[in-house]
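The block underneath contains the structure these notes are about, expressed in structure tokens.
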Amino acid sequence: MDALVKQWIYSTITLELLQAIILPGATAQQLWDRLQENFQDSRATRAVYLEEQFNTTRLDSLSNVTDYCARLKTLSDQLVNVSNPISETKMVLQLVSGLTRGEFDTIATLTQQSDPLPSFNKARS
């Protein structure tokens, strides 16, 4: 069974990962543990990168409001996957702060002054 699991691991990861985890005589459990260490070590780096992307996303860098909201939602979902969730409040505040000035001034002001803030889905609509 051990050889079968090792073969599965070897066949489902990239060559770079394989070279990073391969250890002569290692059991499948040892290989799995090395893989887990590799991904946990990169989780924090990935979270920093994704949070930076989230915090700097602006409407003017995308083609329209729908794409802008979708990008924020995608980044938020990816942050959840690396155990660094974004609060609903922060999502709404980022949505408002990244809007292009002028066309969205009124809606941004109304949203910011809402008490309590609307949900992300409500603010998006």
### Message
Quick test of your reading: applying salt bridge (Lys or Arg N to Asp or Glu O under 4.0 Å), list the pairs with at least one residue in residues 71-87, sequence neighbours left out, ordered by first then second residue.
### Response
Lys73-Asp77
### Task
For Gln29, check side chain to side chain contact (heavy atoms under 4.5 Å, CB included) against everything at least two apart and list the hits.
Thr27, Trp32, Asp33
### Query
Taking only residues two or more places apart in sequence, or in another chain, which ones meet Lys122 in a side chain to side chain donor-acceptor pair (under 3.5 Å)?
none
Contacts under 3.5 angstrom, residues 13-25 side chains, donor-acceptor by atom type, not counting sequence neighbours:
from  : atom 1 : to    : atom 2 : distance (Å)
Thr14 : OG1    : Leu17 : N      : 3.2

## Note on the structure
dist Leu4:CG -> Ile9:CD1 (nearest 0.5 Å) comes out at 10.5 Å
### Residue pair Leu99 / Ala108: nearest heavy atoms and the distance that separates them
CD1-CB, 4.1 Å
### Heavy-atom closest contact (Pro118 atom, Val92 atom, distance)
O-CG2, 3.1 Å
### Query
Going hydrophobic residue to hydrophobic residue with side-chain gaps under 4.5 angstrom, can you get from Leu62 over to Ile107?
yes
### Query
For the hydrophobic clusters of this structure (ILVMFWY residues joined by side-chain heavy atoms under 4.5 Å, transitively), does one cluster hold both Val80 and Met91?
no
### Query
Any idea which heavy atoms bring Thr111 and Ala123 closest together, and the distance?
CG2-CB, 4.3 Å
### Message
If the condition is side chain to side chain donor-acceptor pair (under 3.5 Å), which residues does Asn121 pass it with, not counting sequence neighbours?
### Response
Arg124
### Task
Hey, could you give me the OG/CG distance between Ser87 and Leu93, rounded to the nearest 0.5 Å?
7.5 Å
### Summary
Those residues at least two apart in sequence (or on a different chain) that pass side chain to side chain contact (heavy atoms under 4.5 Å, CB included) with Thr12 are Trp8
### Task
Would you mind listing every side-chain hydrogen bond (donor to acceptor under 3.5 Å, both in side chains) that reaches into residues 55-68, with sequence neighbours excluded?
Ser63-Asp67
### Contacts of Asp105 that satisfy salt bridge (Lys or Arg N to Asp or Glu O under 4.0 Å) - sequence neighbours left out
none
#### Entry: Linked, directly or transitively: Ile86 and Val48 (ILVMFWY side chains, under 4.5 Å)
no
### Message
If the condition is side chain to side chain donor-acceptor pair (under 3.5 Å), which residues does Ser83 pass it with, not counting sequence neighbours?
### Response
Arg43
### Message
Run the side chain to side chain contact (heavy atoms under 4.5 Å, CB included) test against Arg46 and tell me which residues pass, sequence neighbours left out.
### Response
Tyr49, Leu50, Gln78, Val82
### Task
Working to the nearest 0.5 Å, report the span between CD of Gln94 and CG of Leu75.
9.5 Å
### Query
Taking only residues two or more places apart in sequence, or in another chain, which ones meet Glu88 in a salt bridge (Lys or Arg N to Asp or Glu O under 4.0 Å)?
none
### Task
Applying side chain to side chain contact (heavy atoms under 4.5 Å, CB included), name anything that partners Ala28, two or more places apart in sequence or on another chain.
Asp2, Val5, Lys6
